[in-house]
Amino acid sequence: MAEINATLTLPTGEVVDLPVLKGSYGPDVIDVSGLLKAGYFTYDPGFMSTASTESKITYIDGDEGVLLHRGYSIEDLAENSDYLETCFLLWYGHLPNKEQKKTFVNNITRHTMVHESLAHFFDGFHHNAHPMAMMCGAVGALSAFYHDVMDIRSDRDREIAAHRLVAKMPTLAAMCYKHSIGQPFMYPRNDLSYAANFLYMMFGTPCEEYTVSPAVEKAMDRIFLLHADHEQNASTSTVRLSGSTGANPFACISAGIAALWGPAHGGANEAVLMMLDEIGSVENIPMFIEKAKDPNDPFKLMGFGHRVYKNFDPRAKVMKASSDEVLAELGVNDPRLAVAMELERIALSDPYFAERKLFPNVDFYSGIILSAIGIPTSMFTVIFAVSRTIGWIAHWHEMSSSPYKIGRPRQLYTGETPRPYKG
Ligand code: CMC
């Protein structure tokens, strides 16, 4: 991989050769792993310039607004594929043929039920517990059911763990919702698609027949697909770091869910809707724009900006088109939509946002669609977690199937120097 070296002159005058690694696409990477021998660490808070791993799964070019899964663009997948096929692609590295797809869909469908004992866990949660809190607990609890039977060094065991996770996440997500509204849990229905089954478990009741609208089913599938993976983001890196200790994969995914919850990451979709409610009407937008620009005010425009995308978020483009389709199809007239559209317009024409390359991200539009479908705001990040599970577990698998080291960052210590104990 290394073809040339970079050289670094240290304050001591020593010159260190650092191999430059070439990827298949995108920027070259300077391998600094040998620097410790010269007595130095590198320093990069927030991993602004640091590649934490080698990976073949997802590629992002933030300047050009490119997102590729295994070489296929997100626009292409959103147009021509579906969520489960994209899950297959992320895990196995290639698109399935017809037979492979059928087998994969069947495998996922046959793993959708959770152990009956797991249902009792929910009794321990107050009805108004945040669904993300319940998800962290419920997914972590899955490890209790599949710990002794799971050998993380076995390819087949890792594959079964992935099937179980992708299959059971919608069931657990819907259980969180049902618990919060005091309705009975709905068992999964194997005759429905992944998206339709999720909607059925969310909105169906034992009292009457529930039919899923094809437009809503398609929109739900697309939301799952658009969130399936996103390279080494905070939650994926958390899953990799947890996995590097050899921990149980279900526990690692629970750690990923915790990382996703924050409003700077997956929690932004919930935060967008709360912000739109807070803004209330179009006349109030200028005041909120001023707040967002004020360096002394912690308020940020939720759904704007991205660590990597500095031109546009390609997922946001597809999501916006989807949101237009769904709203027209459902005939939804949500006043928050007017606020969202005007906010977008003003922010995009304001130099503050242009100079900092702050554009609407995927979460700006996903909340609007989810809300139109009737999903409560507190469930938005849970849906992100359901979608991202395949990305998390595919990265965990990629790491676990080759030699790896425990993740152990170092630090720039600025605390006390040695001093004698004085009581
Ligand atoms: N509203 C107002 N100002 C902002 C915003 C915003 N949403 N985002 C960044 N800025 C400003 C920030 O204050 C800073 O200004 P200055 O240079 O004057 O100090 C500048 O833009 C650079 O921002 P940063 O915080 O250094 O950028 P970052 O790469 O560390 O953070 C981010 C990226 C996504 C955490 C941040 O843009 C943000 O908090 N956005 C709102 C939350 C959000 O929508 N998150 C979802 C991300 S997409 C889904 C996902 O992948 O999880």
Side-chain angles (χ1 to χ4, degrees), residues 44-50 57-63 65-67 69 74 132 223-239 256-276 278-279 285-320 340 343-370 377 380-392 395:
D44 183 18
F47 302 102
M48 300 291 288
S49 312
T50 296
I57 301 175
T58 289
Y59 173 82
I60 301 176
D61 181 334
D63 292 326
V66 171
L67 168 60
H69 293 321
I74 193 68
M132 280 298 275
I223 286 177
F224 286 145
L225 188 153
L226 290 175
H227 289 89
D229 189 41
H230 214 226
E231 206 231 55
Q232 313 306 327
N233 54 79
S235 56
T236 303
S237 297
T238 301
V239 171
I257 295 172
L260 185 77
W261 193 358
H265 192 8
N269 53 13
E270 179 179 350
V272 168
L273 261 270
M274 284 158 72
M275 176 190 74
L276 293 178
E278 197 188 343
I279 295 176
I285 292 176
M287 187 182 87
F288 281 89
I289 295 271
E290 286 317 305
K291 271 167 74 64
K293 286 157 59 172
D294 180 353
N296 300 315
D297 190 324
F299 176 80
K300 282 189 174 179
L301 278 195
M302 288 293 129
F304 277 77
H306 197 274
R307 167 59 64 79
V308 182
Y309 295 122
K310 299 299 176 197
N311 186 344
F312 66 93
D313 178 342
R315 303 166 301 170
K317 274 201 169 173
V318 181
M319 196 67 90
K320 185 174 176 2
L343 187 64
E344 181 194 8
R345 193 190 65 74
I346 296 184
L348 288 179
S349 56
D350 188 305
Y352 172 94
F353 292 89
E355 279 157 20
R356 288 167 181 75
K357 303 187 175 198
L358 302 171
F359 298 88
N361 57 49
V362 67
D363 288 328
F364 187 69
Y365 302 106
S366 63
I368 291 171
I369 308 186
L370 288 170
T377 313
F380 289 3
T381 315
V382 172
I383 286 170
F384 194 156
V386 171
S387 328
R388 184 55 59 84
T389 294
I390 184 58
W392 289 331
H395 281 272

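Counting starts at 1 for both ligands and their atoms, in listed order.
- The OH atom of Tyr365 sits 10.0 Å away from the NZ atom of Lys317 when rounded to the nearest 0.5 Å.
- The closest approach between a heavy atom of Ala234 and any atom of ligand 1 is not below 4.0 Å.
- Considering backbone and side-chain atoms alike, Ala268 places every N or O at 3.5 Å or more from each N or O of ligand 1.
- Polar contact check, Val362 against ligand 1: no nitrogen or oxygen pair lies under 3.5 Å apart.
- Annotation: cation-pi geometry not satisfied between Arg307 and Tyr309 (NZ/CZ under 6.0 angstrom from ring centroid, within 45° of ring axis).
- Residue Phe384 has no nitrogen or oxygen atom sitting less than 3.5 Å from a nitrogen or oxygen atom of ligand 1, judged on distance alone.
- Put simply, part of Leu358 is less than 4.0 Å from ligand 1, judged by heavy atoms.
- Proximity of Phe364 to ligand 1 is not established, as no heavy-atom distance is less than 4.0 Å.
- Inside a 4.0 Å radius of atom 31 (O) of ligand 1 there is not any protein heavy atom.
- Inclusion of Asn361 in the set of residues having an N or O under 3.5 Å from an N or O of ligand 1 is warranted.
- In summary, of the residues considered (His395, His69, His230), a side-chain hydrogen bond (donor to acceptor under 3.5 Å, both in side chains) with Thr58 occurs for His69 alone.
- Taking the six-membered ring for Trp and the full ring otherwise, Phe359 and Phe304 have centroids separated by 6.0 Å or more.
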